[in-house]
Structure formats: C-alpha cells, structure tokens
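For this chain, numbers begin at 1 and follow the sequence in order. Both counts, for ligands and for their atoms, begin at 1 and track the order of listing.
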Amino acid sequence: MAGFSLSGRRALVTGANTGIGQAIAIALAEAGADVALAGRSEPAETLAAIAAKGRRTLDIRADLSGTAPLAEVVGQTVAELGGLDILVNNAGIIRRDDLLDFSEEDWDAVLDTNLKSLFFISQAAARHMVAQGSGKIVNIASLLSFQGGIRVPSYAAAKSGVAGVTRAMANELAPRGVQVNAIAPGYIATNNTAALQADETRNRQILERIPAARWGRPEDIAGAAVFLSSPASDYVTGQILAVDGGWLAR
Ligand code: NAP
C-alpha cells in the first residue's frame, strides 16, 4: 500500500497545537511527511511528537483571524521545508449565542478565521502547487457543512462556505494536478466542543443521536487526513468526507 505513504512530502497544518489539528499533524509525520505548523499558540507538544518520529518540523506563529500575511506563511514553509505538497486547513473557532442576540462581532470573527483565511491561504498554496503540477488541500469542514445546528449561525455559514469553496477550488485545480477535499468531523471531544460536553442535557442528546454511541477522538480524523493527503486519493477531489460515527446516516 505504498500509495498511502507520505514519504518525502512537505505539509503545512494550521491550528496544530491541540485537538484535531494536532492529531492530523502527528499522523502526517507518522506517514512520512515533514510538517510545518502555523498557529497563534506555541505547539510545543506537537513539535516534539513530530521530531520524535524523525521528521522535520517548523513552527510558524500566525494569527489566522485575518491579520497574518498568509502568502508569507506558505512562502516560509516552501523555503524551509524545500516545498509544499499538502495543506491542511484545520484552524477554526466557534461562537455560540441565540440567533436573535447574535452579534456582528461573532459573525465576523468566525467567518474571517474559518472561511476567509482558509480561502486565501489555500490560494497562496495553490499557486505553488499549480507551478509544481501536484498538491493536496484538505479542509476541515463540519457536520454544519450539511446541517444548520443550534445557536451557531456564523459557524454554520462558514462551514457551509468551506464545503462550497472546497468544490470550487477542486473544479479549477483538478486539471492542474491538485486535489481539494474536506473532512467533516462529527462530534469530537476537543476545546471546540467543551461547552457541549459540559452541558449534561446537550451531551446526552448528542450521544443518543450518534450511532457509534460515543464522542469522537481527534485520532479518529487522522486516517482520513492521511488518505486525502496521499497518492491513494489522486482521483478523489471535491468531496466532503464525513467522519462522524454515523451521525449523518441516521
Ligand atoms: P480546538 O481544540 O479549539 O482547536 C482549534 C485550533 O485552531 C487551535 O489550534 C486554535 O489555536 C486554532 N485557531 C483558532 N483561531 C485561530 C487563529 N485566529 N489563528 C491561528 N489559529 C487559530 O478545536 P478542534 O475541535 O480541534 O477544531 C479543529 C477544527 O475542526 C476546527 O476547524 C473546527 O471547526 C473543526 N471541527 C471540530 C469539531 C469537533 O467536534 N471538535 C467538529 C467539526 C469540525 P488556539 O489553541 O491558539 O486557539
């Protein structure tokens, strides 16, 4: 199954100090890739885990809420790792409030980080990938790329936008050798869902609705990320792959 190997590949993962991004970055390294990490917090644990696997890594401090020079993040990865083959757009935030009270600030913050930065860092990476004739972009979408959710309208808008941008980029980049796909994680136990896990009623309602009958773990997303980053998925593009314990099938 050499097609699943990432040996010799250079990856950039956003928001990899914790949660899903951390699990993905470590899995890419385990599959053989060198991995640059871009985020606003120090990813000490992830850097150490990647180095322990014998892979090169790079710590790029970048606030992806709209202030970071995204082309420079890509440029630094290319310069220091010697190229860029895989971009995983994982960084994201969520803001919860009742629809009738939802503020413009909570709208803009989520759209800027989860959708606008995702598009423009992908554009910068795609320019490089098109020039080299190959590349993989993996976006972290959500169940709210398919559903409306409750009390998270800007998150639903942004993640539905991620699905649209994934397909739009896939269409234009497929003839240039670049595949663009997304993963839609189900309910995964991370900082992002801490409020839901702590809410007894919501926690029970969520668990009752998941056929697998458990919260997902960040590691549950790793295999799909390696697949969509590898040559094994060279004829897969524009897809939103749900990794959700069966939630959407129900
Ligand atoms: P998390 O533990 O909160 O991780 C989010 C990551 O994004 C962190 O590394 C965070 O850095 C980073 N980030 C947030 N804002 C940033 C900014 N302005 N600049 C740079 N980095 C920033 O949550 P997670 O669950 O692993 O989330 C990862 C992705 O999966 C997100 O896109 C999320 O929407 C998506 N997702 C999660 C679930 C779930 O159930 N957990 C389900 C579907 C989709 P800091 O630590 O500095 O904040």
Residue portion contacting ligand 1 (non-hydrogen atoms closer than 4.0 Å) for [X]:
X	answer
N90	both
I20	both
Q22	neither
T190	side chain
A62	backbone

Enumerated ligand 1 atoms positioned under 4.0 Å from heavy atoms of [X]:
X	value
N191	2 (O), 3 (O)
I93	14 (C), 15 (N)
S65	18 (N)
Y155	33 (C), 34 (O), 35 (C), 36 (N), 43 (C), 44 (C)
T193	39 (C), 40 (O), 41 (N)

If you look only at distance, which donor and acceptor atoms sit under 3.5 Å apart when one is on a side chain in residues 155-164 and the other is two or more places apart or in another chain?
{"unit_1": "K159", "atom_1": "NZ", "unit_2": "I140", "atom_2": "O", "d": "2.9"}
{"unit_1": "S160", "atom_1": "OG", "unit_2": "L144", "atom_2": "O", "d": "3.2"}
{"unit_1": "S160", "atom_1": "OG", "unit_2": "A156", "atom_2": "O", "d": "2.8"}

Residue pairs passing the side chain to side chain donor-acceptor pair (under 3.5 Å) test with at least one member in residues 201-211, sequence neighbours excluded, are N203-W215
Taking atom 5 (C) of ligand 1 as the point of reference, which of G92, G21, G19, G39 owns the nearest heavy atom? G92
Min over G15, S41, G66 of heavy-atom distance to atom 6 (C) of ligand 1 lands on G15
Could you check D63, L64, V73 and say which one makes a side chain to side chain contact (heavy atoms under 4.5 Å, CB included) with S117? L64
Any atom of ligand 1 sitting under 4.0 Å from a heavy atom of S117? no
Non-hydrogen atoms of A141 versus ligand 1: any pair closer than 4.0 Å? yes
Polar-atom distance check: [X] versus ligand 1, any N or O pair below 3.5 Å?
X	value
N17	yes
Y187	no
I140	no

Short N-O contact, D97 and R95, less than 4.0 angstrom: no
